[in-house]
*Asks:* 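Just passing along the structure, written as structure tokens.
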Number of protein chains: 2
Amino acid sequence: MNKRIKIFAPATVANLSCGFDVLGCCLDTVGDEMVISLHEDPGVKITKIEGADLPLETHKNVAGVAVEALLKKYDQPPGVDIEIYKKIKAGSGIGSSAASSAGAVWAVNHLLGNPFSPQDLVAFAMEGEKLASGNAHADNVAPALLGGFTLVRSYTPLDVIKLYTPEDLMMTVIHPQIEVKTSDSRSVIKTNITLKDGIRQWGNVGGLVAGLYTEDYGLIGRSLEDVIIEPLRSILIPEFNAVKEAAMSKGALGCGISGSGPSIFALSKGTETANHVATAIREVYDTTGLAFDIHVSKINDQGVKIIDS
Amino acid sequence: MNKRIKIFAPATVANLSCGFDVLGCCLDTVGDEMVISLHEDPGVKITKIEGADLPLETHKNVAGVAVEALLKKYDQPPGVDIEIYKKIKAGSGIGSSAASSAGAVWAVNHLLGNPFSPQDLVAFAMEGEKLASGNAHADNVAPALLGGFTLVRSYTPLDVIKLYTPEDLMMTVIHPQIEVKTSDSRSVIKTNITLKDGIRQWGNVGGLVAGLYTEDYGLIGRSLEDVIIEPLRSILIPEFNAVKEAAMSKGALGCGISGSGPSIFALSKGTETANHVATAIREVYDTTGLAFDIHVSKINDQGVKIIDS
């Protein structure tokens with residue numbers, strides 16, 4: 001048994017304004033590459049990492065931990081070698097750790113003949129997220145594994161739903177290369193919210209899901225509102241309001257924080273609008289002197305993809 | 001100008017477990033009848049009420065107030081006579097006041113040649129709700145007017161969405177004939193909720209909406225969960241837990257409080273299950289000595305209906 005596969009492990013945007021901790025979607029033009037191989041000698045090894053300064057020790061590496069969670073289901077597990085070609089920057093807020101965890105378990109499952117369901121794979125990949133952030137969240141690994149838009153309806157028990165993705169939706173993402181400490185990003189969030197804000201938020205989640213299924217871009221746009229997290233977290237992101245204003249003025253459907261930031265996403269209808277939004281956002285950030293990346297991507301409805309097998 | 005119409009003004013179930021203040025759906029076998037006529041002499045008159053002890057004074061009657069809100073859009077409004085044949089019991093929690101408000105404005109709009117949109121009609125009918133409860137809520141008038149399942153995405157501005165209704169969904173409702181004071185029903189609700197409960201609730205709203213569009217009855221069932229309001233309000237409803245247990249044991253998809261109670265709804269797939277659920281619920285309530293009504297209804301995807309014109 002010597003099997004080998006090269007995959008694309010996509011970046012993802014979690015939360016999507018109203019859907020804190022439950023919604024996410026998958027990108028197509030931003031992601032890592034990974035080479036995964038199976039062999040007979042047991043043990044999971046990270047044999048190579050390029051593009052990032054990440055630990056090679058299996059139990060300290062999110063991909064290693066996620067694959068070990070999968071292999072625990074076997075009495076006599078195969079050995080797995082993992083090469084990671086990192087292109088998503090760590091701490092960007094577009095699911096860097098999730099791409100590694102999700103990509104690794106997807107590839108191993110594929111090489112084993114797909115014994116596990118997508119939902120199983122989400123659970124394995126969540127172990128990587130737990131290592132990365134201390135919190136086994138699924139809102140990045142779910143869209144990376146299932147593709148398109150996903151909803152984590154529940155964690156106990158885990159219930160992940162793939163939603164419908166309208167054809168013309170396009171994502172523009174700016175990654176300001178600043179470090180936002182996870183502890184800061186968490187400490188601004190309050191344990192309690194008002195019922196009134198909760199009602200507004202779940203009204204918007206309902207509206208966004210309905211908008212996706214009916215391809216009602218106007219409704220999608222109206223629903224991309226976050227009255228709970230964005231007002232608190234956006235203060236950690238330089239020029240957040242100016243970026244949002246620029247994006248909306250160019251016709252974006254909505255604009256918000258990607259995951260816990262610092263990346264900012266804008267969702268648009270059509271490539272042309274998404275490109276105009278990118279230009280407008282770039283102009284805002286050009287004035288700051290900060291380094292940044294901008295990505296324009298269609299929604300990747302497939303998730304992890306095989307590059308070479 | 002002398003025009004007259006007789007309509008069916010449907011009962012409705014608001015909240016639907018996870019969707020407090022935003023979700024609702026329309027019933028088919030329970031509702032009032034109303035006769036609305038237009039004439040040239042200005043003024044709105046409640047000319048007849050049967051089946052309930054409700055005020056005949058226009059400004060104290062929810063239908064009168066709702067129609068006056070509509071007629072304010074006219075410089076020279078026509079006169080309107082309203083007859084109400086009340087069959088939904090007041091205080092039942094299945095939208096008794098909403099049926100009157102919604103039915104009246106729907107009928108007047110119809111007789112005027114439909115100048116107003118469904119969303120406009122919701123806004124007019126909400127004035128009736130404001131009179132009835134002090135709160136201009138839309139979660140009963142929206143499904144009464146639009147039919148099927150509805151989402152009030154936002155109140156400011158008002159944004160009401162008609163969702164998709166799977167064919168086989170059936171509602172069983174028990175109305176225990178006890179009085180739950182609105183003040184009690186409100187005072188048990190807290191102003192603040194935990195973010196954790198909020199996340200669970202909006203995950204479920206997303207799941208329920210996705211379940212409706214994909215006709216995924218299992219997902220609909222799993223999403224019919226309320227971790228915020230039901231634990232507090234259910235203590236005001238005798239045998240709530242026993243009713244829920246009985247409904248679920250007979251295969252109901254979910255079971256919860258209708259609006260602010262005391263009615264309890266159970267959603268099922270198919271008529272047979274809905275009838276079994278009704279029998280099981282009846283057995284629970286037969287032991288209490290309390291008077292009650294039980295209704296089994298398909299979801300009314302049309303809303304207000306013309307009986308005679």
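Since the model is a prediction, treat every value here as computed from it, not as a measurement. Proteins get letters first, then strands, A, B, ... in listed order; numbering begins at 1 in each.
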*Asks:* Which residues in residues 154-164 of chain A have any heavy atom lying under 4.5 Å from a heavy atom of chain B?
*Replies:*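 Interface residues of residues 154-164 of chain A: A:Ser154, A:Tyr155, A:Thr156, A:Asp159, A:Ile161, A:Leu163.
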*Asks:* Select, from A:Asn204, A:Ile228, A:Leu23, the one with the greatest count of heavy-atom pairs under 4.5 Å involving chain B.
*Replies:* A:Asn204
*Asks:* Check each atom of B:Leu208 against the heavy atoms of chain A and say whether the ones under 4.5 Å are side chain, backbone, both or neither.
*Replies:*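 Neither part, no heavy atoms under 4.5 Å.
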*Asks:* What's the spacing between B:Gln201 CD and A:Gln201 CD if we round to 0.5 Å?
*Replies:*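 Those atoms lie 13.0 Å apart.
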*Asks:* Enumerate by number any residue of residues 187-196 of chain A whose heavy atoms lie under 4.5 Å from heavy atoms of chain B; in the absence of such residues, state 'none'.
*Replies:*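 Those residues of residues 187-196 of chain A which have a heavy atom under 4.5 Å from chain B are A:Ile189, A:Lys190, A:Thr191, A:Asn192, A:Ile193, A:Thr194, A:Leu195.
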*Asks:* Looking at A:Lys250, I want to see if its NZ is surrounded by more than 12 non-hydrogen atoms of other residues, nucleotides or ligands under 6.0 Å.
*Replies:*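 Counting neighbours around NZ of A:Lys250, 12 or fewer heavy atoms of other residues, nucleotides or ligands fall under 6.0 Å, so no.
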*Asks:* Shorter than 4.5 Å, heavy atoms on both sides: which option in B:Gly198, B:Gly203, B:Gly19 has the most such pairs with chain A?
*Replies:* B:Gly203
*Asks:* I'd like to check the side chain to side chain contact (heavy atoms under 4.5 Å, CB included) partners of A:Val22; sequence neighbours left out, ordered by chain and number.
*Replies:*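 A:Val22: side chain to side chain contact (heavy atoms under 4.5 Å, CB included) contacts with A:Leu151, B:Ile199, B:Trp202.
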*Asks:* Suppose a student defines contact as a heavy atom less than 4.5 Å from any heavy atom of chain B. Which residues in residues 210-226 of chain A would they list?
*Replies:*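 From residues 210-226 of chain A, the residues near chain B are A:Ala210, A:Tyr213, A:Thr214, A:Leu219, A:Arg222, A:Ser223, A:Glu225.
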*Asks:* How about NZ on B:Lys305, more than 12 heavy atoms from neighbouring residues, nucleotides or ligands closer than 6.0 Å, or not?
*Replies:*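 Count over threshold, so yes.
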